[in-house]
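Reminder, nothing fancy here: chain letters follow the sequence lines and each chain counts from 1.
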Amino acid sequence: MRWSKYYIPTLRDDQSEAELISHQLLLRGGYIRKLASGVYFYLPLMQRVIDKFSNIVRDEMNKAGALEVTMSVLCPAEVWEKSGRYQTYGPLMMHLKDRHQHDMLLCPTHEESATSLIAGEVRSYRQLPLNLYQIQVKFRDEIRPRFGLMRGREFIMKDAYTFDADEESFARSYQGMVDAYYAIFKRAGLDVLKVESDTGNMGGKRAHEFMLLVDTNAGEEKIAACESCGYAANVEKSKFKDGSGVKPDSEIKEMESIDTPGAATIEEVTAFLKVDATRLVKTLLFVADGKPVAALVRGDRDLNEIKLKRALGAVELEMADADIVNQVTGAPVGFAGPVGLRQEIPLLVDPLAVAVKNCVVGANENEKHILNVNIDRDFKATQVVDLSEARAGDLCPECGEVMVVKDGIEVGNTFMLGTKYSEALGAKFLDAEGNENPCIMGSYGIGITRTPQAALERFHDEKGIIWPKNIAPFLVEIVPLKMEDPAQAEAAEKIYQDLTSAGIDVLIDDRDERPGVKFNDADLIGLPIRLTIGAKSLKNGKVEVKTRASSDMNLVALEDVVEAVQGLAETLN
RNA sequence: CGGGGUGUGGCGCAGUACGGUAGCGCGCAUGCUUUGGGAGCAUGAUGUCGGAGGUUCAAAUCCUCUCACCCCGACCA
């Protein structure tokens, strides 16, 4: 491709709309433009990146036995009403009406569509297993789109759905997708970590996320990982053993009320009473699907709302506001406790809070706390369940070694859906004994537009992008320094033809621009290999070969360029 | 939805406390010179100052309402 005939509107200045480096680079490099909040144009370079990545995904999915289909982004509301998600998915879903006033929606994901396709069509276990996938646009009317392609309202996703006759078969299907995912990300030059995750509103039993670890502020997920045995999980799901090493009191003491003027927060109470936060149990009030609940965790731990939501089976969960706290406890925020709440509400208690003997809790009275409170004697838990977020220093639930917490960007996910959708939408088949069973399903996503941007959080330097070779829009950029020099133009053209004939994707910067402009643009757009053609080296029949990632440069004879490029590409990520 | 912020040529910004009819850099166009890391000179084009009302002799600037976008939070791949 010739730059002069292409469209690469690079920008010199940082764009005020972009916070993340990856977002900034896509804008400045002429890869994307914004149409509306969370809605983007993919310019020619980005389209090529999307195509490259999609083709890797397609290739590996096909190898894994998945079959490509296309399901409409439109879907009638009643299909989603059957699964119950029409109600639970909420405003995140884009609703619309057609001209007949039928309720329609733009699919935020395609479990319902895929299942309804199968329902009524697949009748025998002989037709299973089945794995259907598509690479399609999705719409989610995000509360707050941000970070460019990382969280858009429209985005492209590869989504696959498996249908199996039994658990054993499903396990093979699931593993097949996990293996395909590793292969896909490896080919794209990305190291990913598979972690256990919450199933969210997808339903089902278990799920995994594929995370690209980053050390920039783009990390949207926290992962607890054991470097010793390999256990890894999203902190919203992670099991752990407490790493604080606190020992419970052996002697049980009498409850005692105490004035704590001005001490409402954990910090204030610990300072006032001169006790460690591990001696406190905090009572957090939430409203779950409209009803107040109390969640108790040890003073030094953070509650993870996803864990609480899961424990409650709630669709909606939010922190109670001051009015509700007052109404439930009879005291301002900061003095809630499990003993003598004004209203009967469920008490969910974290096991680490249960383990604290003679703990300090709020007294449900302004500026008062209670000392030496003990569960069972002084209050009863409705449910004892893990609510604490895993943190660095906690111990691995598998092997007991110390865990670390890392930042990651989710680039793929896999869900064990069970029979939720197949039952709701009637995707049933007759087994060998003639019994009717619902298909066992899985669903598997990869963010096609998000992943390349996420990759840029890792692969860049102060000058611009450094693409992994297999998702770069072109492998090579040819930079003739002076197009007016016929010798340079001719040499550049010859190399361009040679490389193109060899099946290599080449971009030639044939613009009449100064060398500095070309070099800076080349560094910005980040193609893996740069060939510089200038008077000095051309005199000796040579061109300069350099990778974007390194400052090393080699002189190569004109006739050896194809081979040199191929050899160099082998060595690149 | 709550909190904070920004809207001025294509891009980045100044001008707004104190109203007087719009400016800088980059980019763009043309010409000449230049050509190994974002060139120089000359000439030129491009703005109903986000929108609507209002105050005033006069509004980018003051007032009211509105819209869009960004950041923090809730939500989420």
Side-chain angles (χ1 to χ4, degrees), chain A residues 9-20 23-24 27-28 30 33-39 88-93 108-109 138-159 197-202 207-212 217 220-221 234 236 286-287 305-306 309 315-321 408-415 443-451 453-454 463-464 479-485 488 511-524 530 532-539 543-544 546 551 553:
Chain A
T10 57
L11 298 168
R12 292 195 177 192
D13 300 316
D14 277 350
Q15 300 301 292
S16 52
E17 73 182 62
E19 186 86 347
L20 291 189
H23 185 192
Q24 195 67 252
L27 285 167
R28 292 224 292 122
R33 287 293 185 265
K34 187 178 63 179
L35 208 211
S37 182
V39 181
T88 58
Y89 221 86
L92 188 59
M93 190 160 56
T109 173
K138 302 267 182 280
F139 287 88
R140 290 184 194 173
D141 194 3
E142 290 289 343
I143 281 174
R144 189 177 157 213
R146 67 184 118 174
F147 301 152
L149 306 185
M150 212 80 99
R151 169 158 271 95
R153 293 193 291 176
E154 180 191 307
F155 55 99
I156 301 173
M157 193 164 155
K158 183 288 301 176
D159 47 321
S197 66
D198 185 60
T199 50
N201 68 11
M202 201 65 90
H208 293 94
E209 291 167 338
F210 288 74
M211 296 284 191
L212 188 67
N217 58 349
E220 47 156 22
E221 304 285 348
N234 195 314
E236 69 196 31
F286 290 84
V287 177
E305 290 192 24
I306 303 288
K309 199 169 170 179
V315 173
E316 258 180 72
L317 180 74
E318 56 184 12
M319 274 283 321
D321 61 31
I409 300 172
E410 184 181 351
V411 289
N413 54 36
T414 56
F415 293 92
S443 111
Y444 316 85
I446 288 180
I448 297 292
T449 39
R450 155 185 276 211
T451 302
Q453 186 184 330
K463 287 175 171 297
V479 182
L481 295 180
K482 190 175 176 182
M483 283 304 288
E484 286 173 6
D485 177 354
Q488 289 186 38
R511 295 175 300 172
D512 183 19
E513 284 288 354
R514 298 175 61 79
V517 172
K518 293 190 178 186
F519 287 142
N520 280 303
D521 273 346
D523 289 341
L524 215 208
R530 190 181 83 193
T532 310
I533 296 166
K536 274 187 289 186
S537 41
L538 194 57
K539 220 167 37 191
V543 301
E544 295 164 23
K546 161 182 185 309
S551 54
M553 185 266 282

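- Distance check on atom C1': B/rG50 versus B/rC70 gives 15 Å, rounded to whole Å.
- Nucleotides B/rU46 and B/rA29, compared at atom P, are 16 Å apart to the nearest Å.
- Taking A/R12 as the reference, nothing meets the side chain to side chain donor-acceptor pair (under 3.5 Å) condition, with sequence neighbours excluded.
- Of the candidates B/rG36, B/rA74, B/rG38, B/rG38 carries the atom nearest the A/D521 side chain, counting heavy atoms from C-beta on.
- Using atom P as the reference point in both B/rA45 and B/rG12, the two lie 24 Å apart (nearest Å).
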Sugar-phosphate means primed atoms, P, OP1 and OP2; the rest is base. With that split, encode nucleotides 10-16 of chain B 5' to 3' as B, S or - using protein heavy atoms under 4.0 Å.
-BSS---
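- The ring-ring contact (aromatic ring centres under 6.0 Å, His included) test applied to A/F210 returns A/Y181, A/Y182, not counting sequence neighbours.
- Taking 4.0 angstrom as the limit, A/R146 places none of its side-chain polar atoms (N or O) nearer than this to OP1 or OP2 of B/rA74.
- In this structure, A/G148 reaches neither bases nor backbone, as no heavy-atom distance under 4.0 Å exists between it and the strands shown.
- Looking at heavy-atom distances under 4.0 Å, A/G534 makes contact with a base.
- Between A/E513 and A/D521, the closest side-chain pair of non-hydrogen atoms is not below 4.5 Å.
- In this structure A/R28 satisfies the side chain to side chain donor-acceptor pair (under 3.5 Å) test together with A/D14, sequence neighbours excluded.
- Side chain of A/P515, nearest nucleotide from B/rA74, B/rG37, B/rC69: B/rG37.
- Across all strands shown, B/rA17 forms no Watson-Crick or G-U wobble pair with both key distances under 3.5 Å.
- If you check B/rC69 for Watson-Crick or wobble pairing at under 3.5 angstrom, you find it paired to B/rG5.
- For A/A18 and A/R140, each mapped to the nucleotide of RNA chain B holding its nearest heavy atom, the one lying further toward the 5' end belongs to A/A18.
- Rounded to the nearest Å, the gap between the P atom of B/rC26 and that of B/rC41 is 9 Å.
- Between the CD1 atom in A/I306 and the CG atom in A/N234 there is a gap of 8.5 Å [rounded to 0.5 Å].
- Taking the P atoms as reference points, B/rA58 lies 15 Å from B/rU21, given to the whole Å.
- The C1' atoms of B/rA39 and B/rG73 are separated by 48 Å, rounded to the nearest whole Å.
- Map A/L481 and A/K309 each onto its nearest nucleotide of RNA chain B; the residue landing nearer the 5' end is A/L481.
- At the heavy-atom level, A/M319 lies nowhere under 4.0 Å from the strands shown.
- Within 4.0 Å of A/K536, counting heavy atoms only, lies at least one base atom of the nucleic acid.
- A 4.5 Å side-chain heavy-atom check between A/L27 and A/E17 finds at least one atom pair inside the cut-off.
- The CD atom of A/Q453 sits 11.5 Å away from atom CG of A/L212, with the distance rounded to the nearest 0.5 Å.
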Side-chain donor-acceptor distances from residues 142-150 of chain A under 3.5 Å, at least two apart:
none

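- To the nearest angstrom, P of B/rC69 lies 13 Å from CZ of A/R144.
- Contacts of A/T10 with the nucleic acid, taken as non-hydrogen atoms under 4.0 Å apart, are absent.
- Here B/rG2 presents its C1' atom at 12 Å from CG of A/D321, a figure rounded to the nearest Å.
- For A/N520, the listed nucleotide lying nearest its side chain is B/rG38; candidates were B/rA74, B/rG38, B/rC69.
- For the side chain to side chain donor-acceptor pair (under 3.5 Å) test, no residue two or more places apart in sequence or in another chain qualifies with A/S197.
- Taking atom P in both B/rU34 and B/rG47, one finds a spacing of 35 Å when rounded to whole Å.
- If you check every strand for non-hydrogen atoms under 4.0 Å, A/E544 touches a base.
- Under the side chain to side chain donor-acceptor pair (under 3.5 Å) criterion, A/T88 pairs with no residue at all, not counting sequence neighbours.
- Across the strands present, B/rU64 finds its partner in B/rA52; the criterion is a Watson-Crick or G-U wobble pair with both atom distances under 3.5 angstrom.
- For A/R530 against B/rG36, no side-chain N or O and base N or O form a donor-acceptor pair under 3.5 Å.
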Every protein N/O lying under 3.5 Å from an N/O of nucleotides 32-34 of chain B:
from, atom 1, to, atom 2, distance (Å)
B/rU34, O2, A/R514, NH1, 2.9

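- Scanning for ring-ring contact (aromatic ring centres under 6.0 Å, His included) contacts around A/Y89 gives A/W80, with sequence neighbours left out.
- Using N1 to N3 plus N6-O4 or O6-N4 for Watson-Crick, or N1-O2 and O6-N3 for G-U wobble, each under 3.5 Å, B/rA39 pairs with B/rU33.
- Side-chain N/O atoms of A/S37 include one lying less than 4.0 angstrom from OP1 or OP2 on B/rC70.
- Nucleotides B/rG7 and B/rG15 have their P atoms positioned 10 Å apart, rounded to a whole Å.
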